[in-house]
Amino acid sequence: MSIIVQKFGGTSVADSDRILAAARKAVRAQQNGKQVVMVVSAMGKNTDHLIELASQVNADPPAREMDMLLSTGEQVSVALMAMAIDSMGHKAVSLTGGQIGIRTDSSHTKARIQSISTERLQRLLEDGNIVIAAGFQGIDEDYNITTLGRGGSDTTAVALAAVLQAEACEIYTDVDGVYTTDPRILPEARLVHQVSYDEMLELASLGAGVMHSRSIEFAKKFSVPIHVRNSMTDSTGSIIWQEPESENAAVSGAALTRDEARITLTSLPEQAQVVEEIFDAVSNRKVTVDMIVQNIATDGSVDLSFTVPEAEMSVTCEAIQPILKTYNARIRDIDGQVSKISIVGAGMANQVGVAQQMFSALANDDIPIQLITTSEIKLSVLVPRSKSLDALRLVHSCFGLEQTPQCLTQTDPKRDENVDAVQVVDRLREVGIEGLVIDEIQVDVSQASITINRVPNRAEAIAKLFEQLADGGVFIDMIVEGYEDQSLSDISFTIPKTQLEKAISISNEYREQFSCGEINIIDSIAKLSVSGIGLRSHTGVAVKTFHALAAADIPLVMINTSEIRVNVVVPGEHAEKAKLQIEKEFEENQI
Ligand code: ASP
Ligand code: MG
């Protein structure tokens with residue numbers, strides 16, 4: 001018999017009526033011939049209240065006791081849910097994370113799942129019970145209660161669906177599904193029918209996600225179809241699955257990350273080790289770095305710009321001071337009033353002109369672009385915060401995101417029978433079920449790079465450059481824009497070696513036209529891509545990559561990071577060595 005996992009978030013179990021409504025959904029699924037596992041969150045804002053209560057008795061409560069406290073929220077919900085189902089004349093059993101056998105590590109308040117035993121769940125299901133699992137919690141080796149981090153019930157639900165080989169995981173929440181952008185910010189946002197795991201991972205990390213990032217990583221790892229639905233209405237919801245909504249659409253979502261800060265460093269030596277040291281120092285302070293842009297060295301020194309949450313700007317600056325001192329480098333500029341606009345789309349990788357279309361849209365409002373980063377399925381720009389909402393609106397409409405795409409992907413998401421789940425689970429047992437999995441380390445030596453210094457950083461000027469390149473038929477892969485000053489930026493991009501001549505002549509003309517600075521060309525680069533699952537939640541991947549290169553004294557030319565991939569560019573002659581180094585670094589994470 002097939003198993004279905006249904007997860008109900010806090011608002012969907014906020015009061016007795018809603019608990020009864022959720023119970024009816026589960027009973028209905030059982031009557032339709034499914035074995036049903038429910039995963040429930042704490043009622044309403046209960047977790048927030050418990051956190052508030054804790055802070056009243058202790059400003060810095062011990063993490064172990066915090067978990068002890070917070071896990072009670074879910075325990076209340078599962079018991080009530082079981083009673084509700086019983087009142088309808090059906091069999092139900094509630095279980096805590098420990099009773100299910102969700103083993104985690106001991107990092108209280110942000111524990112990771114290591115293993116899940118399924119025997120008891122299976123037995124209860126065979127006996128005709130609806131099993132109700134407490135979300136968000138587990139136990140460590142010593143039977144201490146742990147929690148998985150805020151929003152962690154999603155992860156419990158998808159993890160249970162994975163190990164039980166459920167046919168799907170339904171997420172019942174208080175919104176209708178996944179939108180093209182946050183509908184609270186932009187009313188014209190559209191509910192999407194389907195979104196791919198990779199797109200969802202990028203979007204979730206941009207704060208646009210309805211779901212916990214780690215749950216999407218799980219779903220991808222085990223190919224679990226996720227169905228996000230509103231528990232209060234009968235809307236069709238959105239499916240999260242391997243394929244995007246439409247094969248033809250280049251862009252499927254846009255997001256605004258409002259409170260960012262940019263830090264620009266200058267006069268750094270061109271060694272991967274320096275970059276490694278800087279990001280190591282930052283991550284030691286538990287600050288997550290978002291965009292990273294390193295410009296190609298002109299005089300042997302390097303400029304590095306990166307963004308962090310605005311609230312963490314000062315601690316970041318403090319953390320890197322000693323390193324800057326050692327290398328005689330300095331902070332050139334900081335801006336705490338910036339926001340990031342990103343577009344995401346699985347179709348972006350094989351379409352030309354997407355970047356240019358975005359820059360042209362922004363040019364309509366003469367919006368300065370301080371930084372640009374690209375990945376295979378995402379393009380992000382940093383703009384002044386005062387212009388960010390306008391920028392999001394322009395971008396959303398320029399890709400027609402408010403309209404349903406004409407050709408929708410026809411899929412019937414089913415778990416992939418070809419994935420040998422037993423084998424995957426066995427391997428994951430070694431790296432830990434939530435471990436970082438690197439599935440590919442690629443090297444591409446077919447490209448060259450061009451850097452144009454001192455380009456006006458108005459969207460209009462940037463759009464012109466990529467328009468002229470597109471008109472010349474030049475295919476652009478990576479783009480990075482690093483901050484120079486208020487009005488100027490350095491722009492680097494990569495192109496196929498075969499188009500280098502053409503690209504140089506277009507760049508030269510452009511340089512005349514806009515009175516830019518000098519042009520630097522590297523006629524052979526190696527682009528190394530580390531891709532896998534867990535890059536989002538295992539923040540050390542970029543640092544590890546830098547470390548691998550630093551150990552062999554290989555200089556870094558460009559850096560691009562995303563949720564599913566870390567890309568670094570090194571001079572072409574280092575291709576083989578760099579690949580070996582990175583492979584060695586990630587040996588234990590390969591699947
Ligand atoms: N109750 C927990 C929270 O509020 C877990 C969850 O709802 O997913 O974060
Ligand atoms: Mg949630």
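When reading the values below, keep in mind they use all heavy atoms of this one structure, side chains included, and skip hydrogens, waters and symmetry mates. Whatever order the structure lists ligands and atoms in, that order sets their numbers, starting from 1.
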*Proximity flag G152 to ligand 1, non-hydrogen atoms under 4.0 Å*: yes

*N/O separation below 3.5 Å, G151 to ligand 1*: yes

*Close-contact set for ligand 1 against S41 heavy atoms, below 4.0 Å*: 6 (C), 7 (O), 8 (O)

*Is it true that K378 and E202 have a side-chain N and a carboxylate O under 4.0 angstrom from each other?*
yes

*Examine ligand 1 and decide if any of its atoms is less than 4.0 Å from a heavy atom belonging to G9.*
no

*Establish, for the pair R229 and F8, whether the NZ or CZ atom is under 6.0 angstrom from the six-membered ring centre and no further than 45 degrees off its axis.*
no

*Min N/O separation K7 to ligand 1 under 3.5 Å*: no

*asked:* Just to verify, which of V13, I4, I85, V5 counts as forming a side chain to side chain contact (heavy atoms under 4.5 Å, CB included) with M38?
replied: I85

*Enumerate the atoms of ligand 1 whose separation from the nearest heavy atom of R150 is less than 4.0 angstrom.*
3 (C), 4 (O), 9 (O)

_We want to know whether H108 and T146 form a side-chain donor-acceptor pair, criterion being a heavy-atom distance below 3.5 angstrom._
no

*Going by atom types only, do H193 and S238 share a side-chain donor-acceptor pair under 3.5 Å?*
no

_With a sphere of 6.0 Å drawn around CE of M68, does it hold more than 12 non-hydrogen atoms of other residues, nucleotides or ligands?_
no

_Nitrogen or oxygen of S153 less than 3.5 angstrom from that of ligand 1_ = yes

*If you measure from each heavy atom of H212 to ligand 1, is any distance below 4.0 Å?*
no

